[in-house]
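One structure below.
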Amino acid sequence: MPTDRPKFFLTTAIDYPNSRPHIGTAFEKIGADVQARYRRMQGYDVFFLMGNDENTVKVAKKAAELGQDTQAYCDDMARQFREVWDALDISYDIFIQTSSPRHHECCRKFIQKVYDNGYIRKDKYEGWYCVGCEAFKTEQEIKEAGGVCPNHKTSPIRRSEECYFFEQTKFRERLLKLYKERPELIQPESRRNEIISLVKEGLYDLNITRTGEEWGIRVPWDPKFTIYVWFDALLTYITGIGYGDDEAEFRKWWPCDIHFIGKDITRFHCATWPAMLLAAGVEPPKQVFGHGFVYIKNEETGAAEKISKSLGNVVEPMEIISKFSGEAFRYYFMRECPFPGDGEFSWQRFADVYNSELANNLGNLYSRVVTLISKNFGGTLPGGRKIDPDAILPYYQADLEGNRASPDGSEALALIHPGSTANVIANLKSLVEQCRYNQALQTIWANFLTPANRFAEVTEPWKLVKTNKGNAAEVLKYMLVPLRTVSILLKPFVPRAAETIYRSFNFTKPWEHVQYEDAAAYETQGDDLRILAQLEGGKVKPLFPRIG
RNA sequence: CCCGGGGUGGAGCAGUGGUAGCUCGCCAGGCUCAUAACCUGGAGGUCGCAGGUUCAAAUCCUGCCCCCGGAACCA
């Protein structure tokens with residue numbers, strides 16, 4: 001289907017399926033998903049790619065340990081990963097398994113191209129080899145284990161063997177030029193600085209093959225070698241959109257708009273990956289975003305620990321989802337952990353944030369507004385009056401200046417001036433586009449939800465219905481404004497709750513077509529404002545039930 | 001040793017030259033429409049340390065201290 005909408009192609013890192021996904025992996029997927037959902041809302045034609053990285057020796061070993069066929073093991077793990085992503089409403093368009101025949105084939109075409117272009121040479125790799133493991137060990141591994149193999153506790157031997165090298169050093173100057181010409185390529189900026197100094201000093205050719213492995217992709221011109229897992233893993237980003245077998249589709253999506261990755265693998269994505277692409281005559285991606293890590297707060301010591309199996313602190317995403325919800329999970333990590341930087345998880349903090357921000361603030365505002373309208377007006381507010389989305393902000397400002405409004409509804413309404421909501425939304429768009437999600441959410445709460453509750457406190461519609469029903473109806477319509485605004489702005493973050501709020505009323509624009517700009521452009525509605533939500537005894541089901 | 005990030009009231013953070021702010025927690029009061037929710041007020045910080053620039057520094061410069069990461073199958 002042809003389209004003239006701007007395209008937006010984004011990817012997450014692909015994961016090793018040698019263990020189930022943890023909350024750190026989920027953090028990345030959610031951050032990418034917020035971006036994908038935001039772009040779709042804003043009219044982009046979006047393609048969101050994720051996947052599992054299966055061509056590694058570790059996966060084959062793990063399958064063997066379990067007595068399973070490697071492929072069957074990979075398929076089952078892929079199912080388990082997708083189960084978690086689905087529970088978190090990750091809206092990926094394609095999920096690649098690198099063990100798939102199509103990936104293998106496209107991969108071979110790519111590496112052949114790089115070989116033909118003269119950027120792969122045969123040479124010798126020398127390093128510390130453990131006979132027990134039948135594998136090379138890094139200096140680091142040996143050093144950390146005290147001079148022996150960490151698995152076998154035996155001394156490694158010096159060994160050299162033939163292999164193929166990718167000559168990425170040949171791209172040193174071109175990479176540096178690229179970083180200079182396109183400062184937005186590596187984000188956030190701290191990562192960029194890191195990579196520039198790395199490429200200036202530390203770039204070296206990469207051994208991209210292994211021998212003696214059954215599981216993996218064969219090197220096309222020399223099939224006794226398999227392709228080193230990193231080289232094939234990165235290729236997922238292009239094989240997934242048709243590189244090597246669907247030229248039109250590939251040209252439609254490439255170059256990638258954002259690769260979301262963990263900050264630890266920026267060097268691969270910002271140096272090796274663009275070099276690989278250049279070597280094959282393909283354009284580099286537009287942006288690589290290296291997000292921060294989630295640490296687990298040790299409830300006893302208070303220290304932030306790296307998520308690791310050996311520390312035994314791994315938290316299963318499903319555990320959080322079943323205790324709270326997928327929406328709460330998304331909110332917590334986007335609100336509490338600055339996406340470009342590091343964040344922390346603790347059950348205590350999770351419960352605090354959930355109760356105070358989702359239940360008490362957002363959820364409760366929704367409940368009180370719905371109940372007030374249904375109990376006092378039978379669920380229908382008479383229409384015909386224009387509602388201005390700036391109703392709340394100026395009140396808030398007036399309040400800050402010390403001009404306390406009187407409890408008379410009409411006087412509170414007199415504080416309204418137009419103009420400011422649009423500014424806040426412009427700022428929010430920029431924050432979301434820069435992936436500064438925690439600041440975006442904080443801005444939404446501070447500018448719409450808190451003022452809405454204050455507005456209610458000053459105008460007291462529950463009293464006003466007894467003395468001046470006309471004014472009470474107006475006040476309630478104004479309270480609906482921030483609720484509507486927030487539902488639109490939260491659509492990328494908590495899609496289900498946002499939809500529930502929006503669809504609880506007969507707002508005119510269809511939910512599927514709502515954009516950020518609509519949050520500031522509340523249309524005049526001749527029709528009555530009605531509650532469409534299902535009620536029981538005049539009340540709605542709590543959006544986020546408090547959890548004790 | 002080197003490189004990167006960071007040190008702001010009890011916790012987590014924002015704040016790149018002009019009276020130190022947000023969320024949570026804590027204390028007191030108000031309200032009662034609402035999910036024991038909401039609103040107001042309060043306590044609590046010499047913005048890691050020492051110098052320097054400036055009319056003015058959390059913010060710029062210099063030196064020092066401390067914490068966290070850091071090269072490959074780990075997001």
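We name chains A, B, ... by the order of the sequence lines, and we start the count at 1 in each one. None of the values given here were measured: they were computed from a predicted structure.
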Under 4.0 Å between a side-chain N/O of A/Arg436 and OP1 or OP2 of B/G15, yes or no? yes

Of the nucleotides B/A34, B/U35, B/G12, which one has an atom closest to the side chain of A/Arg546? B/U35

Rounded interatomic separation in angstrom, taking CG from A/Asp264 and C1' from B/C73: 11 Å

Nearest to the side chain of A/Ser367 - B/C74, B/G12, B/U35? B/U35

P gap between B/A37 and B/C74, integer Å: 44 Å

So what does A/Asn18 touch, heavy atoms closer than 4.0 Å: a base, only the sugar-phosphate, or nothing? sugar-phosphate

Determine the interatomic distance between P on B/A58 and the same-named atom on B/G5; round to the nearest Å. 22 Å

Could you check whether A/Phe260 gets within reach of a base, just the sugar-phosphate, or nothing at all, counting any heavy atom under 4.0 Å? nothing

Which part of the nucleic acid, if any, lies within reach of A/Asp342 when heavy atoms closer than 4.0 Å are counted: base, sugar-phosphate only, or nothing? nothing

Along RNA chain B (nearest heavy atom to each residue), the more 5'-positioned of A/Tyr366 and A/Thr56: A/Tyr366

From the options B/A37, B/G30, B/A75, select the nucleotide whose nearest atom is closest to the side chain of A/Tyr16. B/A75

Looking only at side-chain N and O atoms, does A/Arg349 offer a donor or acceptor that is under 3.5 Å from a partner on A/Tyr332? no

Value in whole Å for how far the P atom of B/U32 lies from CD of A/Glu457: 9 Å

Once you measure the plane-to-plane angle for A/Tyr331 and A/Trp445, does it fall in the parallel (<30°), tilted (30-60°) or perpendicular (>60°) bin? tilted

Go through B/A75, B/U35, B/G12 for me and flag the one nearest to the A/Thr25 side chain. B/A75

Nearest-Å distance, CG (A/Leu362) to P (B/C38)? 12 Å

Quote, to the nearest angstrom, the P distance that separates B/U59 from B/G25. 31 Å

For B/A58, what is the paired nucleotide under Watson-Crick or G-U wobble rules, both distances under 3.5 Å? none

Using only side-chain N and O atoms of A/Lys375, determine if any of them is under 4.0 Å from OP1 or OP2 of B/A34. yes

Using the C1' atom as the point on both nucleotides, what is the distance between B/A57 and B/U62, in whole Å? 15 Å

Would you indicate what A/Phe27 reaches in the nucleic acid, counting non-hydrogen atoms under 4.0 angstrom: base, sugar-phosphate, or nothing? nothing

Is it the case that more than 12 heavy atoms not belonging to A/Lys469 sit under 6.0 Å from its NZ atom? yes

P atom, B/C47 versus B/G7: distance in rounded Å? 14 Å

Give me the distance, rounded to whole Å, that separates B/C65 from B/C49 when you measure between the C1' atoms they each carry. 7 Å

Answer with base, sugar-phosphate or nothing: what part of the nucleic acid does A/Ala13 contact at a heavy-atom distance below 4.0 Å? nothing

Side-chain H-bond candidate by donor/acceptor type, A/Thr272 with A/Gln168, under 3.5 Å: yes

Span that lies between the C1' atom of B/C67 and that of B/A71, in whole angstrom: 22 Å

Could you verify whether a donor N or O on one side chain and an acceptor N or O on the other, from A/Thr443 and A/Gln439, lie under 3.5 Å apart? no

Give a yes/no answer on whether the side chain of A/Lys539 brings an N or O atom under 4.0 Å of OP1 or OP2 in B/C33. no

Let's test this: given Watson-Crick or G-U wobble pairing with both distances under 3.5 Å, identify the partner of B/G4. B/C68

What is the distance, rounded to the nearest whole Å, between atom CG of A/Leu464 and atom C1' of B/C33? 12 Å

B/G70 C1' sits how many Å from A/Ile265 CD1, rounded? 15 Å

Grab the CZ-P distance between A/Phe289 and B/A75 for me, whole Å please. 19 Å

Who is the Watson-Crick or G-U wobble partner of B/A14, with both distances under 3.5 Å? none

Atom CG of A/Asn453 to atom C1' of B/C38: distance rounded to whole Å? 6 Å

Per-nucleotide protein contact string for nucleotides 22-29 of chain B (B base, S sugar-phosphate only, - none; heavy atom under 4.0 Å): SSS-----

B/G69 phosphate, OP1 or OP2, under 4.0 Å from A/Lys263 side-chain N/O: no

Determine the Euclidean distance between corresponding C1' atoms of B/G69 and B/G30; express it in Å to zero decimal places. 49 Å

I'd like to know if the side chain of A/Arg330 reaches the main chain of A/Phe493, judged simply by a donor and an acceptor atom lying under 3.5 Å from each other, with no hydrogens or angles considered. yes

With no hydrogens and no angle check, do the side chains of A/His103 and A/Thr98 hold a donor and an acceptor under 3.5 Å apart? no

If we call it a pair only when both distances are under 3.5 Å in a Watson-Crick or G-U wobble match, what pairs with B/G41? B/C27

Are A/Phe350 and A/Phe324 close enough, and set up right, to give a ring pair (Phe, Tyr, Trp, His ring centres under 6.0 Å), and what steps lead you there? CA-CA 9 Å; A/Phe350 195 104; A/Phe324 292 85; 4.6 Å; yes

Over all strands shown, is A/Val369 touching base, sugar-phosphate only, or nothing at heavy-atom distances under 4.0 angstrom? nothing

Picking from B/G4, B/C73, B/A75, the nucleotide nearest the side-chain atoms of A/Arg210 would be B/C73

With nearest nucleotides of RNA chain B determined for A/Gly24 and A/Leu449 from heavy-atom distances, which residue corresponds to the more 5′ nucleotide? A/Leu449

Walk me through it: do A/Trp273 and A/Tyr237 pass the test ring pair (Phe, Tyr, Trp, His ring centres under 6.0 Å)? CA-CA 10 Å; A/Trp273 177 227; A/Tyr237 302 141; 5.8 Å; yes

I need the CD1-P distance between A/Ile196 and B/G70, as an integer number of Å. 22 Å

Has A/Lys58 got a side-chain atom pairing as donor or acceptor with A/Tyr16's backbone, closer than 3.5 angstrom? no

